[in-house]
Amino acid sequence: MNLVSTILVIAAALSTILALVSFWLPQLNPDSEKLSPYECGFDPLESARLPFSLRFFLVAILFLLFDLEIALLLPLPWGDHLTSPTTTFSWASILLALLTLGLAYEWTQGGLEWAE
């Protein structure tokens, strides 16, 4: 057998073994915690009308905002190959400055404090 077919056989065997173990292993000891539904930290057996902290949503929105920042800055290295890379870097700098100012504003207003 040549090297490529040997690697393919080993990869297929390893994948099959890992898939079988992953289906078989969790069935050994199910307990009440594993069988209960998980609802983002809230108790699923209580009333759905309980008040909750809006700070959770503030942190989630801030996470999405800064996650979006990474998505917007991802093509930045390819901006080097354009005819005018300084335009790309200036827009990226403006975006980072705006997000930094927003973060500083949230920080000074106490929006990042989890407990009061």
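With hydrophobic clusters built from ILVMFWY side chains whose heavy atoms lie under 4.5 angstrom apart, L103 does not share a cluster with L98.
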Return all side-chain donor-acceptor pairs below 3.5 angstrom for residues 9-17, not counting sequence neighbours, or 'none' if the list is empty.
residue, atom, partner, partner atom, Å
S15, OG, A11, O, 2.8
T16, OG1, A12, O, 2.8

Could you walk me through whether L96 and S93 satisfy the side chain to side chain contact (heavy atoms under 4.5 Å, CB included) test, starting with their C-alpha distance in whole Å, then the side-chain angles of each, then the deciding distance to 0.1 Å, before giving a yes or no?
CA-CA 5 Å; L96 282 175; S93 300; 5.8 Å; no
